[in-house]
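This chain uses plain numbering: 1 for the first residue, then up along the sequence. A quick note: this is a predicted structure, and the numbers were derived from the prediction, not measured. Heavy-atom basis, side chains included; hydrogens, waters and symmetry copies ignored.
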Amino acid sequence: MGPDWWLANTIDSACRWSVPVFIMISGALALDPDRGAKPRKFLSKRVWRIGIPLVFWTVVYVLFRRYYLQPDDDTWNPGIAILTGSPFVQLYFLYVLAGLILLTPFFRLLSVHGSRRLQWGTGLIFLGIGMTDQWVSMVFDVGEANIATRFLPMAGFYILGWVLRDIVLSARGAVLAWLSFIIAVTGTAVWAGLGPGEKPWLFPYEYLAPGVVLASMAAYLLLHFHLREGFGLLHRFYPYSFGVFLLHPLLVYPVRNAMGLPDTVPGVLLHAVIMPIAYAIICAAITWVAVKIPGFRAVFGEGGPRNPHTRPNVKKLRPGAKGPPPVASTTPEETTPPELAGSSAFETDLGSEETTRGREPTP
C-alpha cells in the first residue's frame, strides 16, 4: 500500500461509476415510451442483441479460463460458474442486461402511465433494495447472486436512468454535481484504504456502495450536461463499444501475464491509462472487421434484422409552385447509415433530431 497502490486505488475509485452509468443509459433508451413496441417484438430483437452474444462469449471465456488461465485448477467448475451468472470477469454484465430486458415491457408501463413521483419512488426503492442486498451479502456474507437474481440489484439504476434522462443541470448545478462526484470518489478511495478490517476493504468499490452510487448519479448528470451539444469522436466510435467490451479480456490477460503487474507509479500509469486506450483501439479495429463478416455479425449483437431510426425528410415545393402541403417521407436512402446503426445492447438514436416540448434530444 505504497504510492503506487494509492495511485491505482484512486484511479479505480474514480472509474467505478462506469458500469452503473451504462445501465442507466440502457434504461433511458429502453424505457422510452416513444420507442415502444409490443413485448414479443421487443424481446425477439433483444435475443439477437444480447442472447446470441451471451451464449457465444460464455463458451469462449469458459474455454479461455479453463485452457489458458487455469489449466491445472481442477476445483473450478464451468457449470457452477455459469449458474452464478458470472462465468468470467465482464460477462456478468450480459446476464444483468438479459434479466433487465425480460422485465423491460413491464417497467415501460411505469414510464407510460406512472407519475413522476411514482417513477422516482420505484427507482429509489429498487436502488435501496440493491444497496441493502450488497451490504448484507458482502459485509455479513449472507446470500450470493446467481444467474436468476444477478440483475435485480441493478434494477434501480435502470429505472433511474429514465427518470433522470431529461434533467439538464444549470451551471450552478453542474458545479454541485462535480463537488459531489469528487467527494464520492475521495470517500471511496479513503474508505478502501483506511477502512476497518483487512486492507484493502473491497466493499467500497462495489457498484451499490454509497460512494459509487453517489458518483454514478453525479456522473450521469454531468455527462448529459457536458455532452448535450454532441458526441464528436464518440459518435463514430460507439458502434464498436460492444465489441470492445466483449473482446478486451482476451488481450488484457495475455499482455498482463507477459508484462507483469505494476509495482511503481509509472507502471500503474501505463497499465491504468495508456494500455486501456491501446486495448480499446485494437478491439474496436477487430470489431470493425468482424461485423462486416456475415458469420461473425451475430456474436457482436449485429445479427438481427436492422431497423435504424429514420429522419423525416420534408419535401419542399419550388417557390411559387402549387400543390399539396409538404409531407414527411422516409426512404431507404434517408435512414441511418449501417455503420452507425449501433453495436450496443440497445439501439441508440444518436441521429435523431426529434424532440418533444421541454426535452433535450435523446442521447
Q: To check you understand the geometry: which heavy-atom pair defines the closest contact between S180 and A218, and what is its length?
A: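 The pair with the smallest heavy-atom distance is CB-CB, 4.5 Å.
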Q: Would you name the heavy atoms of Y220 and A28 that are closest together and state the gap between them?
A: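 Closest approach of Y220 to A28: OH-CB, 3.4 Å.
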Q: Using modelled atom types only, decide if a donor and an acceptor are shared between the side chain of N9 and the backbone of A189 within a distance under 3.5 Å.
A: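 Checked: pair present.
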Q: Can the ring centres of Y253 and Y68 be said to be less than 6.0 Å apart?
A: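 Judged by ring-centre distance (under 6.0 Å), Y253 and Y68 do not meet the cut-off.
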Q: Between T186 (side chain) and I183 (backbone), is there a donor-acceptor pair under 3.5 Å?
A: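 Answer holds: no.
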Q: Quick check: do L100 and S26 have side-chain heavy atoms less than 4.5 Å from each other?
A: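 The answer is no; the side chains never approach within 4.5 Å.
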Q: Apply side-chain contact (heavy atoms from CB on, under 4.5 Å) to residues Y205 and T188 and explain how you reach the verdict.
A: CA-CA 7 Å; Y205 295 134; T188 298; 4.2 Å; yes
Q: Report the C-alpha distance between S13 and V185 in whole Å, list the side-chain angles of each, state the deciding distance to 0.1 Å, and finish with yes or no for side-chain contact (heavy atoms from CB on, under 4.5 Å).
A: CA-CA 6 Å; S13 300; V185 169; 4.2 Å; yes
Q: Is E302 salt-bridged to R49, cutoff N-O under 4.0 Å?
A: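 A salt bridge is present here (some side-chain N lies under 4.0 Å from a carboxylate O).
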Q: Group every Ile, Leu, Val, Met, Phe, Trp and Tyr by side-chain heavy-atom contacts under 4.5 Å, then state whether V59 and L83 land in the same group.
A: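 No, no single cluster joins them.
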Q: If you look at every heavy atom in L169 and L221, which pair is closest and at what distance?
A: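 Here L169 and L221 meet closest at CD1-CB, 3.7 Å.
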Q: Are any non-hydrogen side-chain atoms of L261 and R256 less than 4.5 angstrom apart?
A: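 When only atoms from C-beta onward are counted, R256 and L261 do touch, with a gap below 4.5 Å.
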Q: Within a strict 4.5 Å, meaning less than it, do heavy atoms of the M217 and F157 side chains meet?
A: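 Yes, close enough: below the 4.5 Å cut-off.
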Q: Compute whether any side-chain donor of one residue and acceptor of the other, for Y95 and N146, lie under 3.5 angstrom apart.
A: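 No donor-acceptor contact under 3.5 Å links the two side chains.
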Q: Between H224 and D166, is there a donor-acceptor pair closer than 3.5 Å when you use the side chain of the first and the backbone of the second?
A: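 Flag not set: sc H224 to bb D166 has no pair under 3.5 Å.
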Q: Is the number of heavy atoms from other residues, nucleotides or ligands under 6.0 Å of D141 CG greater than 12?
A: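 For D141, atom CG is not crowded (no more than 12 foreign heavy atoms under 6.0 Å).
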Q: Distance-only, no hydrogens or angles: does the Q134 side chain make a donor-acceptor pair with backbone N or O of L208 under 3.5 Å?
A: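 The answer is yes, because a donor-acceptor pair under 3.5 Å joins these two groups.
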Q: Is there a path of hydrophobic side-chain contacts, each under 4.5 Å between heavy atoms of I, L, V, M, F, W or Y residues, that connects V252 with I282?
A: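 Yes; I282 is reachable from V252 via cluster members.
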Q: Could you check whether any side-chain heavy atom of H271 comes within less than 4.5 Å of a side-chain heavy atom of M259, counting everything from C-beta outward?
A: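 Touching, per the 4.5 Å side-chain cut-off.
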Q: Could you check if a side-chain atom of K292 sits within less than 4.5 angstrom of a side-chain atom of R297, using non-hydrogen atoms only?
A: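 Result no, sub-4.5 Å side-chain heavy-atom pair not found.
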Q: Would you list the pairs meeting side chain to side chain donor-acceptor pair (under 3.5 Å) in which at least one residue belongs to residues 117-128, sequence neighbours left out?
A: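 Residue pairs with at least one partner in residues 117-128: R116-Q119, Q119-W162.
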Q: Which atoms form the tightest heavy-atom contact between L94 and I50, and what is the distance?
A: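 Scanning both residues completely, I find the closest heavy atoms to be O-CG2, 4.0 Å.
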Q: Report yes or no: does R66 contribute a side-chain atom to a donor-acceptor pair with the main-chain N or O of W76 at less than 3.5 Å?
A: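 Checked: pair present.
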Q: Do L110 and I159 pass the side-chain contact (heavy atoms from CB on, under 4.5 Å) test, and can you show the C-alpha distance, the side-chain angles, and the key distance before you say yes or no?
A: CA-CA 9 Å; L110 182 69; I159 296 171; 4.0 Å; yes
Q: Taking atom CZ as the centre, does F56 end up with more than 12 heavy-atom neighbours from other residues, nucleotides or ligands that are less than 6.0 angstrom away?
A: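 Yes, enclosed.
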Q: Is R150 reaching over with its side chain to a backbone N or O of V96, donor-acceptor style, under 3.5 angstrom?
A: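 Looks like no, no N/O pair under 3.5 Å.
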Q: Can you tell me how the ring of W135 sits relative to the ring of F203, calling it parallel under 30°, perpendicular over 60° and tilted otherwise?
A: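 Geometry flag for F203 against W135: perpendicular rings.
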Q: Using 0.5 Å steps for rounding, measure from the CG atom of L222 to the CG atom of L227.
A: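 With rounding to 0.5 Å, CG (L222) is 10.0 Å from CG (L227).
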Q: Which ILVMFWY residues can you reach from V244 by hopping between side chains whose heavy atoms are under 4.5 Å apart?
A: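 Besides V244, the hydrophobic cluster comprises F237, listed by chain and residue number.
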Q: Quick one: does P78's side chain get under 4.5 Å of V62's, heavy atoms only?
A: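 Yes, their side chains come closer than 4.5 Å.
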Q: With under 30° as parallel and over 60° as perpendicular, where do the rings of Y61 and F64 fit, or are they tilted in between?
A: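 Perpendicular.
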Q: Where the side chain of W57 meets the backbone of V299, is there a donor-acceptor pair that is under 3.5 Å apart?
A: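 Checking the backbone N and O of V299 against the side chain of W57, a donor-acceptor pair under 3.5 Å is found.
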Q: Considering non-hydrogen atoms only, spot the tightest contact between A209 and P204 and give its length.
A: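 Residues A209 and P204, closest heavy atoms: CB-O, 3.5 Å.
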Q: Can you confirm whether the side chains of Y207 and S216 place a donor and an acceptor under 3.5 Å from each other?
A: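 No, because no side-chain N or O of Y207 sits under 3.5 Å from a partner of the opposite role on S216.
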Q: With side chains defined as the heavy atoms from C-beta onward, is the minimum distance between W5 and P262 less than 4.5 Å?
A: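 Result no, sub-4.5 Å side-chain heavy-atom pair not found.
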Q: One pair to check against side-chain contact (heavy atoms from CB on, under 4.5 Å): L152 and I129. What are the steps and the verdict?
A: CA-CA 9 Å; L152 281 173; I129 292 173; over 6 Å; no
Q: Which atom names give the shortest non-hydrogen contact between P33 and S111, and what distance separates them?
A: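 For P33 and S111, the tightest heavy-atom pair comes out as CD-OG, 3.9 Å.
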Q: Can you confirm whether F300 sits close enough to L247 that some side-chain heavy atom of one is under 4.5 Å from a side-chain heavy atom of the other?
A: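 SC-SC contact between F300 and L247 confirmed.
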Q: Would you call D32-R165 a salt bridge at under 4.0 Å N-O?
A: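 Here D32 pairs with R165 in a salt bridge, since their nearest N and O are under 4.0 Å apart.
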Q: Give a yes or no on whether the ring-centroid distance for Y158 and F151 is below 6.0 angstrom.
A: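 No.
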